[in-house]
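Comments concern the structure below.
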Amino acid sequence: MKLPRKFYSKNTKIVARELLGKILVHKKCKGKIVETEAYFGKNDPASRAYMGRPKFCVKLMNDKPGKALIYMVHNNWLFNIVAHEKNETGAVLIRALEPLEGIKIMKKRRGVNDIKNLTNGPGKLTKAFGIDKRHNGLDLTKDNLFIENSNEKFEIVNTTRIGISRGKERLLRFYIKDNEFVSKK
DNA sequence: AGGAAGATCTACT
DNA sequence: GTAGATCTTCCTA
């Protein structure tokens with residue numbers, strides 16, 4: 001079942017946590033979300049929507065929840081989902097997936113054979129799924145690209161965000177405990 | 001024109 | 001496991 005817009009219309013941190021274990025679907029490819037990070041617009045120096053960052057990021061982060069936000073960093077497309085309460089700003093970064101379907105296609109696109117190395121990083125998973133700027137602003141409640149619900153149970157770990165230069169001290173990173181596909185432990 | 005960016009790969013200690 | 005080079009876009013001067 002596809003997640004409704006209502007799912008994304010909550011506090012960014014809560015959505016980040018609840019997205020764990022859900023299934024990202026793009027064409028023939030499916031992957032379980034195993035790692036996420038929450039980013040806010042204002043008062044978050046690590047956010048792309050902070051101060052003079054790219055306009056389209058700010059705009060989208062303020063837009064309707066449930067949209068895809070994609071931007072380039074160091075030759076890597078990063079995939080975020082706009083998620084926030086009314087009149088707020090925020091998005092959830094998908095940091096890592098566990099490949100479920102379309103693994104052959106992912107291997108071909110990534111040029112590697114090791115399953116564990118296919119989608120265990122924010123830049124890797126976009127490449128494996130064939131996601132790029134064309135998908136920026138896409139509505140995840142439509143058919144092309146969306147997220148499926150799941151009732152799986154697991155332990156969730158809450159830590160600081162990684163790979164950023166500012167705003168490191170906040171506990172806004174979530175991942176599934178003991179999962180092999182988390183980018184870093 | 002120059003720099004920064006939420007990363008990745010490779011090559012070492 | 002850590003360190004350095006390098007990739008592309010967008011922002012500011």
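Hydrogens, waters and symmetry mates are skipped; everything else that's a heavy atom, side chains included, is used. First the proteins, then the strands, lettered A, B, ... as listed; each starts at 1.
Annotation for A:Ile70 and A:Ile131: closest pair CD1-CG2, 3.5 Å, computed over non-hydrogen atoms. When all heavy atoms of A:Cys29 and A:Met106 are compared, the closest pair comes out as CB-CE, 3.9 Å. The two atoms that bring A:Tyr39 and A:Met61 nearest to each other are O-CE, 4.0 Å, heavy atoms only. For the pair A:Thr89 and A:Thr12, the tightest heavy-atom approach, listed with the atom from each and the gap, is O-OG1, 4.3 Å.
Taking every heavy atom of residues 112-123 of chain A and every atom of DNA chain B, pairs under 4.0 Å involve A:Gly121, A:Pro122, A:Gly123, by number.
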Sort me out a list of protein N/O and nucleotides 2-10 of chain C N/O pairs below 3.5 Å, or just none if empty.
unit_1 : atom_1 : unit_2   : atom_2 : d
C:dC10 : OP1    : A:Lys133 : NZ     : 2.5

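Applying the side chain to side chain donor-acceptor pair (under 3.5 Å) criterion to A:Arg161, with sequence neighbours excluded, gives A:Asp44. Taking A:Arg17 as the reference, nothing meets the salt bridge (charged side-chain N to carboxylate O under 4.0 Å, His left out) condition, with sequence neighbours excluded.
A donor-acceptor distance shorter than 3.5 angstrom exists from the side chain of A:Ser150 to the backbone of A:Gly21, with no hydrogens or angles considered.
For A:Lys124 and A:Asn120, the side-chain atoms include at least one donor-acceptor pair closer than 3.5 Å.
Evaluated for a side-chain contact (heavy atoms from CB on, under 4.5 Å) with A:Phe79, the options A:Leu69, A:Asp132, A:Leu24 yield exactly one hit, A:Leu24.
Figure legend: A:Lys10 and A:Phe7 shown as a cation-pi pair, the cationic atom lying under 6.0 angstrom from the six-membered ring centre and within 45 degrees of its axis.
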Legend entry - Dot-bracket summary - DNA chain C, pairs being Watson-Crick or G-U whose distances fall under 3.5 Å, with | when paired to another strand: ||||||.|||||.

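Between A:Arg48 and A:Val73 there is a side-chain heavy-atom pair separated by less than 4.5 Å.
Note that the first and last nucleotides of DNA chain B, 5' to 3', having any atom under 4.0 angstrom from a heavy atom of chain A are B:dA5 to B:dC9.
Ring orientation note: the planes of A:His26 and A:Phe129 are close to parallel, at an angle under 30° on the 30°/60° scale.
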